[in-house]
Structures are given as structure tokens and as C-alpha cells.
Participant: 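Please read through the structure below; I'll follow up with questions.
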Amino acid sequence: MKKILQWLKGPKSDFILFVIFLVLLNFAGHRAFVRFDLTAPKSYSLSKASKTLVKNLDQPLSVRVFFSDNLPSTYTSVSQYVKDILVEYKGAANKNFSVSFMDMSKPENEDLARSLGIQQVQIQELKNNEVGLKQVYMGLAIAYGDSLEIINPVQTSDGFEFNLTTRMSKMVSMADTLAGLGKNEKITLTLYLSNELKQLGINGAEQADEIIREAFDNVNKQNADRLEYKVISPASVDADALAVKYGIQTIAYQDKGVAKKAALGLVLEHGEKSYALPLEVQRSFFGYAIGGLEDVETTLTEGLHSLLSSTKAIGYITGHGEVDHTSADYAANFESLISGLYELKDIDLNSDNIPAGMNSIIINGPKNDFTEEELYKIDQFLLRGGNVMLFIDGVVDDGSGQSYGLGNYVPNNNNIDRLLAKYGIEHRKNMIMDKNCIKDMNPQYGELTYYWVPTIHKKQLAKKNIITNNLGYVYLLQSSSLHPDDAKENKNLKVTELAKSSEEAWAMESGITLHPLYLEPPADKSSFAQYDLALLLEGKFDSAFDEAPDGAETSENSEASGNPENSDEALVTSSFVKSSVMPGKLFVAGSSEITTRQVIDENGASPVSMFLMNVVDYMNGNEDLCTMRTKSLAVNNLTIKKAGAANFWKIFNQYGLAVLVALAGLLVWRLRTARRRAINKKYNPDDTRTITK
């Protein structure tokens, strides 16, 4: 024992003890480790909304991960990201959350994946200097109660947390809604299919009931058997009424010279709410066929989510030439993107008030004047803590210029600018052109420059605002300029310049053409300037009115109020607010075109789609969704314009670091040599062994 103690105290045991220490440290680190997220957008950390969701689960929620091993390097980082972020979910969750990573080398796990609806995906693989194809699993299955959601395939980490959290949130919301239904209360799925469609030989009419019933059975099992299914063959006289009520399709045909109508539609209904699923007769090369039967189960699941989700209503002001949010040619994509959490409700301020409890409204591209009462309603809504999203054009096409499709742009003299001016924003009647814009190569004309579609890079976006801080760029086409100088002087308002043009932009007020061949930048460099294109004002506003306009306030005769002695007099009530009683938010963009399909895709992957969804979330108090949606999308774009400079930085990034390291090593070596010589000269100058040359 003494020899062992002496050995432990002696220097001979140091190395072995150090190795033992490292082994024990690794064991401890495996069980209790700490991770630090050093990325700027916190891509590997959970957002507050995700933590809150999994921390407050009332029922077990399980996530099973089906990822194949030995994925190509392109997808290995995706697999690792999914594992890392799910570990974060597990760490933040209560006991009802569980994660399982399935070993896909086992045949039983492959069978399980297929039974859940997770199919293999085909990816490219570079092996032995040859490009080949490989079948792999890259999916997730989420189970909550009787509900099942599939995310397949997961081929990128972009937006993964947002997608997963919103899926889980919808499942929890729907399960809670289903649990709250009465004992005999059902959600009805109705197939409206006129028998005449079968007689007309419409392809798919005979099989539609069978296909839909099979999908219904699967979805019903996943939702606690709270659905019922029925088939109705509408009479010809009922077709139009059903189309008005549910928005389903009518099909006109001739029967022995008599004009008749058939109906086709698939409708989910619960109480007063209904949702029409996409099902309609389409014309193809091979004749008429029913479209929408290809993936009814997925469509039905999504429709059920939409029907039962607790969406927040947003008012959409109409009656002044606003952009149509129901038309596929205009802002339908915008409405579709936000439909998971929000529902647009049309409001005609000329006849309706903004409903109590509604905290946000959208005014999108008005071209006609508002009445004084309408402006007053908007003003008072903002001053009572409401949130207003305004997309206002500086110039509009009057429809008279048809040559080359260029249009004839005239000032948009809409009187809503009066409100903006009172709030401290000057909105000018122009269109901003920018040398930093979208460019395209045309086989006939060469490079075409679209000056009216400015590319707003990261450095031109607000760095500290959650709406834009993770965005790399956005396209704000056909924007007019906004000038918030007076608003900045209001100490009760916080003004955020969300998006600016570059310093090489100029304003056009007349002679505007949207044709790259007929548009050139000004020769005078003094014409260039930087312009604000999107603003956010938060805080307490002063009213744009000195008093309520005539007709905006209500009055009652005193006789009706129970005072007949003074029947010639009237009781006049006033709810006019001179300054904000609650802080409000005002978002202003200088273009309504950014809400159209020109820049908004159906999947919400475009930069402008992200920007607008973040705006809507921020204005409705869902700031955490902005972080989740864009946390992995931050891009540092190279803004160098000259080819020579771009080549220099390309070569520098390839070889510059190695050269700098070599130069640093040479410098250190020379400094050390000089130091040794200085020491030798000072303390041993006569030593002949030292080489001085």
C-alpha cells in the first residue's frame, strides 16, 4: 500500500492519472453536456414559442425520426441539425414529450416507416468519381393523441423548427377542439356529386365516392372517430344555391335541349363554419375528368386543420379599389400564406365598424378616396391600440397606356395620405428606381436591368428589428418613397426604417415606363439618393382629427332616454380620442405590388413572402414566429459590382488565409531570431560560437 501511495505521489503516475481524468471527464460530459450557440440568428437554439409549446403539453406527444445512415455529405449536416434541435426540444419539454431515433438498418423500422406513410426519397450521391442515385429515408412522424402528422422529406434545415412547431401546435389545437365537442357532435364531410356527372361520362365520377371514403376512414381513425361522411346528389335546381353557400363548382349541360346544371364539391362542415376542399371537373387532352382525387387524404387533413384551428381574424378594408385578396392574379398567395394562423375578414368601413376584439387591419393598395367617417374609424382604431398595415402606391396605372404593356402611371392622390401626414410620414407620388436591382440575361437583348425592382440587401434592412434581422435580401418592386422626419421628432413614437433603397436610387414622378429597354439611370449623380421604402411606427399617436366629423358620433332624442320633459333636446354621445389610450403599431410600405403573385410564391419561400409573414406575425404579437421562420435564412450577400474586385476576393478567400498564416509564421520566426541575437549580444558578446552573419 505504501508503495502505491508513493507511486501516486511521485511524478511517474502523472501521465496515467491524467489519462484516467480524461476518461472520467468524457463519461461525465456524455451525461451532462453544455452547448453554446454562437450563430448570429441562434439557428441551433429553440425559440420561446417552441419551448412554451412542449413545456405545457397535456398529453403525450412523440416524434419518431426516420433518417438513413451514411447519407451523402450534403445531407449529413441536415440529419445532424435535426438531431441537435430535437435534443433541444427534449431538454425544454415536460415528461409528455418524447423523441425516438429509428435505426433504419433494421427491416422492421423500414416497415414501420412505410406503414406511417414515410416513403424513401431519391438523392444524388458522388461515389468513386461517379454520380449515382440513392434511395434513403429522411422523414419524421409526429403523434399526439389519435392524430398523426408526417414531415417528409426533410432535405434542408431552413425553417425546420418553424415547420415542426407549427405542425405540433396545430395538432394540439385540433385535439383540444375535438376533445371539446359534445358526445354526439360530429364534423361532417359531404360529397356533393350529381348523378348526371356519371351519365355524362366524366372520368373519375364513378370512382370518386370510393376514393374519398377510403381517405375519410384513415383520417377519421386519426381523429378519434369524430367525423361523419355522406354523399348527396343535388338536383339541378339546387346547384346554384350550393355554389353560393359553399363555393363548390357547377357544371352546365344540355339534356334533350333543356339547360341544366350539375354540382360537384367536397365540403367539411362544423356548426356555422364550412371549408370547401379542392375538387372540380377539369378539361384535359383526354376529355373531362375530376381533379383533386390524387391525394384526398392529405387535402382532408389540411382542411380539417383549417376548419378547427383557432385562427385570428384580421380586417381587410375594401371599397376603395384595394388589391383583391381572393384572386389568384393578385393577392391570393398572400392570403394563403397567412391562412394557417390568420383569417382575412372583409370590412367595408362605409357601412361597417371594425369589430370589437379585432386588433389588426390591412389596407392594401387603395386607389379611391375614403370618406371622412372612414378615415376617422381608422384613426380611432389606431389610437385605441389597434395595429394598421398599410400598403400604399405612389403612382398607379390609369389603364390608358396599352403599348408594349407599359402602362400610363399617374399620381395616386388617395386621401389616406392625410392620416400619414398627421402621424409624421410624408408619402410622395413617385416610383423609386435603383441601380441595385434584379438583372436578367435575354438571348435577344443581352442583360436587362429592372430598375423598378430594387434588391434590398441585408445592410439596407433594419438590423435590430425581428422582422428583418435574419433576412438576407428582399425585392420591393414599384415602391414609392416614405419620409418619416416629423415622426422621428415625436418622442411618443418609435420609428424603425425597415427597408431602404441603395444610395444609387432615384425617384420618378412622371414619364414612368416599366420596360428595361426604355429606362436609363440619370446622368447627373446628384440625382441619386437613398429612400425609405418600408417603415414601422410604434407607440402613442396623436389623432389626425381635431374633433369627430359629422355623422361619426351618435345622438339620441331625450324622449327615448326617458326624459320627456326636454323632448326638444338631444343627448349627444362622443367617444372621440385625441391621443392614444393604448400603444398601437403602424406599418407602411410604399407598394401594394409586393403582396401580389409577382414576388409571393405559393410555398412562402421567396424573400418577400418571409418579410410579409414576419410583418403580419409582428403586428399580431407573434414575434417568436419571426425568429423561427428566418433563423437559418440569414445571408451575407457579396455586394461588389466590378468583376475585377469580385475575382480578387474569390482568389483571396481560396488562398489568402494560407498566405497570411505563412507570413505570420515568417514574422514570428524573424522576431525570435532577432530577440536571441539581442540577448546574446547583451550578456555574452564575446562568445565565438555565435554566428552573427
Participant: Below 4.5 Å, heavy atoms only, C-beta onward: do I187 and L268 meet side chain to side chain?
Facilitator: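 The answer is yes; the side chains approach within 4.5 Å.
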
Participant: For E110, what residues pass the salt bridge (charged side-chain N to carboxylate O under 4.0 Å, His left out) criterion, not counting sequence neighbours?
Facilitator: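 E110: salt bridge (charged side-chain N to carboxylate O under 4.0 Å, His left out) contacts with R114.
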
Participant: Are side-chain heavy atoms of L264 and I248 found at a separation under 4.5 Å?
Facilitator: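 Side chain of L264 against side chain of I248, heavy atoms only: no contact under 4.5 Å found.
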
Participant: Quick check: do V296 and L277 have side-chain heavy atoms less than 4.5 Å from each other?
Facilitator: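 Side-chain contact under 4.5 Å: no.
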
Participant: Pair E161, Y89 - check side chain to side chain contact (heavy atoms under 4.5 Å, CB included), show working.
Facilitator: CA-CA 10 Å; E161 183 195 348; Y89 274 99; 3.2 Å; yes

Participant: Is there side-chain contact between V78 and Q155, with heavy atoms separated by less than 4.5 Å?
Facilitator: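 Of all side-chain heavy-atom pairs linking Q155 with V78, none is under 4.5 Å.
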
Participant: For the pair K463 (side chain) and K458 (backbone), establish whether a donor and an acceptor sit closer than 3.5 Å, ignoring hydrogens and angles.
Facilitator: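 The answer is no, because no donor-acceptor pair under 3.5 Å joins these two groups.
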
Participant: Going through the distances and angles, do T299 and L266 end up as a side chain to side chain contact (heavy atoms under 4.5 Å, CB included)?
Facilitator: CA-CA 11 Å; T299 304; L266 188 60; over 6 Å; no

Participant: Could you pull out all donor-acceptor pairs under 3.5 Å where a side-chain atom in residues 201-212 meets a protein atom, sequence neighbours excluded?
Facilitator:
from	atom 1	to	atom 2	distance (Å)
D209	OD1	Y229	OH	2.8

Participant: For E214, is the CD atom crowded, meaning more than 12 foreign heavy atoms sit under 6.0 Å from it?
Facilitator: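 Counting neighbours around CD of E214, 12 or fewer heavy atoms of other residues, nucleotides or ligands fall under 6.0 Å, so no.
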
Participant: Are the side chain of K90 and the backbone of I85 linked by a donor-acceptor contact shorter than 3.5 Å?
Facilitator: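 No; zero donor-acceptor contacts below 3.5 Å.
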
Participant: Starting from the C-alpha separation in whole Å, work towards a yes-or-no answer on side chain to side chain contact (heavy atoms under 4.5 Å, CB included) for L116 and L112.
Facilitator: CA-CA 6 Å; L116 294 174; L112 176 61; 4.1 Å; yes

Participant: Just by distance, with hydrogens left out, do S606 and D601 show a side-chain donor and acceptor under 3.5 Å apart?
Facilitator: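 Present: a donor and an acceptor within the cut-off.
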
Participant: Under 6.0 Å from the NZ atom of K198, do we count more than 12 heavy atoms belonging to anything else shown?
Facilitator: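 It does: K198 NZ has more than 12 such atoms within range.
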
Participant: Is the backbone N or O of I600 less than 3.5 Å from a side-chain atom of N333, with the two atoms forming a donor-acceptor pair by type?
Facilitator: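 Looks like yes, one N/O pair under 3.5 Å.
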
Participant: Mind checking what makes ring-ring contact (aromatic ring centres under 6.0 Å, His included) contact with H270, not counting sequence neighbours?
Facilitator: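 Listed in chain order: nothing, the list is empty.
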
Participant: In a table with atom names and distances, give each donor-acceptor pair under 3.5 Å that connects a side chain of residues 52-61 to protein atoms at least two apart or in another chain.
Facilitator:
from	atom 1	to	atom 2	distance (Å)
T52	OG1	K48	O	2.9
N56	ND2	T52	O	2.8

Participant: Check for me whether the distance between the ring centres of Y246 and Y192 falls short of 6.0 Å.
Facilitator: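 Here the rings of Y192 and Y246 have centres that are less than 6.0 Å from each other.
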
Participant: Taking ring-ring contact (aromatic ring centres under 6.0 Å, His included) as the definition, give me every residue that meets it alongside F611, ordered by chain and number, with sequence neighbours left out.
Facilitator: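 Result, ring-ring contact (aromatic ring centres under 6.0 Å, His included) vs F611: none returned.
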
Participant: Look only at the side chain of N109 and the backbone of D103, and say whether a donor-acceptor pair between them is shorter than 3.5 Å.
Facilitator: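 Yes, the answer is positive, given that a donor and an acceptor are paired below the 3.5 Å cut-off.
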
Participant: Parallel, tilted or perpendicular: which one describes the rings of F652 and F648, with boundaries at 30° and 60°?
Facilitator: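 Parallel.
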
Participant: Donor-acceptor check, side chain of N220 to backbone of L227, threshold 3.5 angstrom: yes or no?
Facilitator: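 Indeed, once roles are kept as given, a pair shorter than 3.5 Å links the two residues.
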
Participant: Crowded around Y330 OH? As in, over 12 foreign heavy atoms under 6.0 Å?
Facilitator: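 For Y330, atom OH is not crowded (no more than 12 foreign heavy atoms under 6.0 Å).
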
Participant: Please tabulate, for side-chain N and O atoms in residues 63-74, each donor-acceptor pair with protein atoms closer than 3.5 Å (sequence neighbours left out).
Facilitator:
from	atom 1	to	atom 2	distance (Å)
S68	OG	Y137	N	2.8

Participant: So do L300 and N218 actually touch side chain to side chain, heavy atoms under 4.5 Å?
Facilitator: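 Side chain of N218 against side chain of L300, heavy atoms only: no contact under 4.5 Å found.
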
Participant: Within the distance-only criterion (no hydrogens, no angle test), does the side chain of E297 pair as donor or acceptor with the backbone N or O of D295 below 3.5 angstrom?
Facilitator: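 Side chain of E297 to backbone of D295, a donor-acceptor pair under 3.5 Å: no, none is there.
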
Participant: Quick check: do Y473 and N436 have side-chain heavy atoms less than 4.5 Å from each other?
Facilitator: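 A side-chain contact is absent here, since even the closest heavy-atom pair is not under 4.5 Å.
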
Participant: Below 4.5 Å, heavy atoms only, C-beta onward: do T301 and E149 meet side chain to side chain?
Facilitator: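 A side-chain contact under 4.5 Å exists here.
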
Participant: Is T166 reaching over with its side chain to a backbone N or O of F162, donor-acceptor style, under 3.5 angstrom?
Facilitator: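 Indeed, once roles are kept as given, a pair shorter than 3.5 Å links the two residues.
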
Participant: For I118 and I150, run side chain to side chain contact (heavy atoms under 4.5 Å, CB included): C-alpha distance rounded to whole Å, both residues' side-chain angles, the deciding distance at 0.1 Å, then the answer.
Facilitator: CA-CA 7 Å; I118 297 178; I150 302 299; 3.7 Å; yes

Participant: Using only atom types and a distance under 3.5 Å, with no angle test, would you say the side chain of N620 pairs donor to acceptor with the backbone of V616?
Facilitator: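 Judged by distance alone, yes, a pair lies under 3.5 Å.
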
Participant: Quick one: does T596's side chain have a donor or acceptor within less than 3.5 Å of a partner on E593's backbone?
Facilitator: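 Side chain of T596 to backbone of E593, a donor-acceptor pair under 3.5 Å: yes, one is there.
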
Participant: Between N622 and Y342, do the side chains contain an N or O donor and an N or O acceptor separated by less than 3.5 Å?
Facilitator: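 Note: N622 and Y342 side chains meet the donor-acceptor criterion.
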
Participant: Answer yes or no: is there a donor N or O on one side and an acceptor on the other, between the side chain of N152 and the main chain of L140, under 3.5 Å?
Facilitator: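 Side chain of N152 to backbone of L140, a donor-acceptor pair under 3.5 Å: no, none is there.
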
Participant: Is there a donor-acceptor contact under 3.5 Å linking the side chains of S274 and E269?
Facilitator: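 Their side chains do not contain a donor-acceptor pair, so the 3.5 Å distance test is not met.
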
Participant: With a 4.5 Å cut-off on side-chain heavy atoms, are F101 and L86 touching?
Facilitator: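 L86 vs F101: side chains touch.
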
